[in-house]
Amino acid sequence: DGGITQSPKYLFRKEGQNVTLSCEQNLNHDAMYWYRQDPGQGLRLIYYSQIVNDFQKGDIAEGYSVSREKKESFPLTVTSAQKNPTAFYLCASSISSFFDISNQPQHFGDGTRLSIL
Amino acid sequence: DQQVKQNSPSLSVQEGRISILNCDYTNSMFDYFLWYKKYPAEGPTFLISISSIKDKNEDGRFTVFLNKSAKHLSLHIVPSQPGDSAVYFCAATFYTGNQFYFGTGTSLTVIP
């Protein structure tokens, strides 16, 4: 049963600590994305990756870091530099972002809700 | 700057009636538009899409209309069912698909 798995579902951390959110997909998708959702706002792109060992900043990359060492995995680290990290984080993947996007919608995980104590 | 906007945060419709969800965008270069549906505590799931070269796409009870001159798209659900109650996001992108731009969502409630 293919899909995207985000873990954990809920995460609590103290201020000043880095925290890493996991995202794994077994859809054999090339492209992966991280979004942040805040109340009353749409999904905002943090980082995306089109292929292994390559990633690009999105609109709100400051205070975040990612890696793409494997096709299946795209972990997101929320660093202490992120001023307002409390949010709902969504990971997504799609077949490829190099080619025509028609009929290649993104598939989303169920999200991780991060709260800073 | 929000390039995709959904100005109605919520909508209530009686079961069996039509639900119309609206979305406006500012960038006329967008090539492709999508609608996603999201239940609480779950990620969004793809619902229907439309290319900028078309003005209508239909899939069962769901139809998306695109008015490029007005930079406006809408999602029609007919007939509406209680299971359609969810938050609906519209999104826009370019053919390379590097970035998807999402609206703020409209919460639809279908009343039995």
Side-chain angles (χ1 to χ4, degrees), chain A residues 3-10 21 23-25 27 29-51 54-61 88-113, chain B residues 1-10 21-27 29-54 57 59 62 64 66 86-107:
Chain A
I4 299 179
T5 302
Q6 289 186 243
S7 61
K9 201 169 183 68
Y10 299 95
L21 283 60
C23 178
E24 304 278 332
Q25 55 99 359
L27 299 166
H29 285 173
D30 290 306
M32 297 187 74
Y33 310 78
W34 274 106
Y35 293 91
R36 168 180 171 142
Q37 185 184 14
D38 295 282
Q41 296 200 37
L43 280 63
R44 293 184 291 167
L45 182 66
I46 305 173
Y47 268 99
Y48 66 97
S49 168
Q50 297 171 307
I51 56 172
D54 181 69
F55 47 83
Q56 306 295 328
K57 291 182 179 181
D59 297 323
I60 55 166
F88 186 59
Y89 291 87
L90 283 162
C91 178
S93 70
S94 63
I95 292 174
S96 173
S97 61
F98 282 120
F99 306 108
D100 187 351
I101 195 63
S102 302
N103 296 316
Q104 295 184 36
Q106 293 180 324
H107 297 254
F108 284 84
D110 285 340
T112 293
R113 186 165 298 280
Chain B
D1 186 27
Q2 194 82 15
Q3 297 197 51
V4 178
K5 300 177 183 179
Q6 294 175 258
N7 293 317
S8 298
S10 63
L21 294 92
N22 294 305
C23 179
D24 297 295
Y25 60 94
T26 57
N27 191 335
M29 301 302 290
F30 284 134
D31 297 309
Y32 197 60
F33 303 88
L34 309 92
W35 283 94
Y36 287 85
K37 177 179 179 179
K38 183 182 181 302
Y39 291 117
E42 294 182 10
T45 54
F46 171 71
L47 191 58
I48 191 169
S49 63
I50 187 167
S51 167
S52 61
I53 62 173
K54 295 186 177 181
N57 188 27
D59 184 3
F62 302 92
V64 56
L66 176 63
V87 176
Y88 290 79
F89 290 96
C90 65
T93 188
F94 307 100
Y95 273 135
T96 55
N98 287 343
Q99 292 205 32
F100 288 74
Y101 298 87
F102 285 83
T104 52
T106 296
S107 178

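Side chains are part of it too, since the values below use all heavy atoms of this structure and drop only hydrogens, waters and symmetry mates. Sequence lines set the chain letters: A, B, ... in the order given, protein chains first and strands last, and positions in each chain run from 1.
Neither the backbone nor the side chain of A/Q6 comes within less than 4.5 Å of any heavy atom in chain B. Looking at B/Y101, the atoms closer than 4.5 Å to chain A (heavy atoms on both sides) all sit in the side chain, from C-beta outward. Looking at B/P9, there are no atoms closer than 4.5 Å to chain A (heavy atoms on both sides), in backbone or side chain. For a residue to count as touching a neighbouring chain, one of its non-hydrogen atoms must lie under 4.5 Å from one of that chain's; by this rule A/L90 touches chain B with the side chain only.
With a 6.0 Å radius and a threshold of 12 heavy atoms from other residues, nucleotides or ligands, A/K9 has its NZ atom above the threshold.
Between A/Y35 and B/F100, a ring centre-to-centre spacing not shorter than 6.0 Å is recorded.
Within the model, atoms CZ of A/R44 and OG1 of B/T104 stand 12.0 Å from one another, a figure rounded to the nearest 0.5 Å. One finds the CD atom of A/Q106 at 11.0 Å from the CZ atom of B/F46 (value rounded to the nearest 0.5 Å).
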